Amino acid sequence: MDTAKSATRQWACHLPRGPGMASLRGMTAPLIDPFARPISYLRVSVTDRCDFRCVYCMAEQMTFLPKKELLTLEELDRMCSTFIAMGVEKLRITGGEPLVRKDILTFFRAMSRHLNSGKLKELTLTTNGSQLRKYAAALADCGVRRINVSLDTLDDRKFAAITRWGRLAQVLDGIAAAQEAGMRVKINAVALKGFNEDELFTLQHWCAQNGMDLTWIEVMPMGDLGNEDRLDQYWALSDLRARLAERYTLTELAERTGGPARYVRLEETGQKIGFITPLTHNFCESCNRVRLTCTGELYMCLGQEDMADLRAPLRASPDNALLQDAIRAAIARKPKGHDFDYSRQSVSGQVTRHMSHTGG
Ligand code: SAM
Ligand code: SF4
């Protein structure tokens, strides 16, 4: 904590004092939270809508936000550009399904100017893959080099069951389109007990054959989905990893992204396998990210309810000073970590919003 405060203080003392200077200070000082974590990664949900209804993410009958609640594409641009001016170097676009947002390419094209200027190091997205055939080439033109595609099963019937509305063939074709456009694809699979346990090796082989890394995600207690029981679905990644280790030599990789993923290399295939384990392990100490919803709420932690409304300061003035001050005030409230806990055979620390709201 002291390091962060003193870094900000040292920096701030080089600026002149006086009216308007608080926002000037806000504009260029690095974003460092109270636990000395620099905030360099922004995940942005551009819509709460989706063309799928994955059972662990959404209820079948969802009520979506009225359009006027959403940030416009111009507002999203202003919001992201302000974060970039404050030191954010990596932008991940998510949702809902980001590629169902109308005119989304306009936004990607606008963000590519920050890649060209060198301020932004990476522009990427997480998608269900359904619209990739349509957009992959254009996304690659905007400088998107790597994407994450969520895919929990390679079985048509199971895919239809877990996504309710999705078609596997369309997603596989989308993945092929992304690769044809030269993008690296990483597959994200939610580990679901009794659902894809039997596909552990099938999915891994398929990824290896197609030159893709694979990350497994523990199912998180997000949203009140009524008929779904998180504890029944929960498949601990420690178990999944032990099963992999029965067949492969796993080498722990030092690589850290500041996020919840830990990686191993399978020596026999050279493939990288990730584990996102917010529940069995705590990843919070190195957290470098914050999440912006499509309505302009900034969540400083995926697993906590606290958020800051950035839409009001954004809309209050065409100048970005108010927005910068609000961002800095929000980062000063970033908590040490989440409180998810399945350990006592009940889901505690649960947050009520859906993953599609915060952007997974
Ligand atoms: N629609 C896009 C997709 O599916 O990739 C982006 C948004 S989605 C909310 C982002 C990620 O969150 C997906 O990989 C999805 O599997 C994951 N996710 C959704 N609900 C989850 C939950 N309850 N627990 C763990 N992961 C979840
Ligand atoms: Fe849509 Fe992604 Fe949620 Fe599935 S996980 S319902 S694809 S937002």
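None of these values were measured; they are calculated from a predicted model. Counting convention: from 1, in listed order, for ligands and their atoms alike. Only this structure's heavy atoms are used, side chains among them; waters, hydrogens and symmetry mates stay out.
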Undergrad: Determine yes or no for a side-chain-to-main-chain donor-acceptor pair under 3.5 angstrom, with E199 supplying the side chain and L154 the backbone.
TA: yes
Undergrad: Taking the six-membered ring of F201, is NZ or CZ of R247 closer than 6.0 Å to its centre and within 45° of its axis?
TA: yes
Undergrad: Report the part of T94 (side chain from C-beta onward, or backbone N, CA, C, O) that has a heavy atom under 4.0 Å from ligand 1; answer both or neither where that applies.
TA: side chain
Undergrad: Between the side chain of D152 and the main-chain N/O of V190, is any donor-acceptor distance below 3.5 Å?
TA: yes
Undergrad: Is the distance between atom 1 (Fe) of ligand 2 and the nearest N/O/S atom of C50 smaller than 2.8 Å?
TA: yes
Undergrad: Kindly confirm or rule out an N or O of D152 lying under 3.5 angstrom from an N or O of ligand 1.
TA: no
Undergrad: Which atoms of ligand 2 have any heavy atom of G96 under 4.0 Å away?
TA: 8 (S)
Undergrad: At less than 4.0 angstrom from any non-hydrogen atom of C57, what atoms of ligand 1 do you find?
TA: 19 (C), 20 (N)
Undergrad: Will you find, in the side chains of R291 and T94, an N or O donor that is under 3.5 Å from an N or O acceptor?
TA: no
Undergrad: Please work out, at 4.0 Å between heavy atoms, whether the side chain, the backbone, both, or neither of V149 comes within that distance of ligand 1.
TA: neither
Undergrad: Please determine whether any non-hydrogen atom of G96 lies less than 4.0 Å from an atom of ligand 1.
TA: yes
Undergrad: State the atoms of ligand 1, each with its element, that fall below the 4.0 Å cut-off from a heavy-atom position in V190.
TA: 16 (O), 26 (N)
Undergrad: Sub-3.5 Å donor-acceptor pair from the side chain of E268 to the main-chain atoms of T249, do we have one?
TA: yes
Undergrad: So that I can check it, does any N, O or S atom in C57 come closer than 2.8 Å to atom 3 (Fe) of ligand 2?
TA: yes
Undergrad: Of all the atoms in ligand 1, which lie at a distance below 4.0 Å from a heavy atom belonging to V219?
TA: 24 (N), 25 (C)
Undergrad: Are any of the N/O atoms in N188 less than 3.5 Å from those in ligand 1?
TA: no
Undergrad: Take I39 and M86 through the test side-chain contact (heavy atoms from CB on, under 4.5 Å) and record every step on the way to the result.
TA: CA-CA 9 Å; I39 306 306; M86 297 173 88; over 6 Å; no
Undergrad: Do any N or O atoms from the side chain of R265 and from the backbone of Q271 form a donor-acceptor pair under 3.5 angstrom?
TA: no
Undergrad: Would a distance-only check, ignoring hydrogens and angles, find a side-chain to backbone donor-acceptor pair under 3.5 Å from Q233 to V219?
TA: no
Undergrad: Would K158 and F195 count as a cation-pi pair here, with the cationic atom under 6.0 angstrom from the ring centre and within 45° of the axis?
TA: yes
Undergrad: I need the atoms of ligand 1 closer than 4.0 Å to a non-hydrogen atom of T127, numbered in the order shown.
TA: 2 (C), 3 (C), 5 (O)
Undergrad: Could you pull out, from S150, S130, G95, the option with a heavy atom nearest to atom 4 (O) of ligand 1?
TA: S150
Undergrad: Do any heavy atoms of S150 fall under 4.0 Å from ligand 2?
TA: no
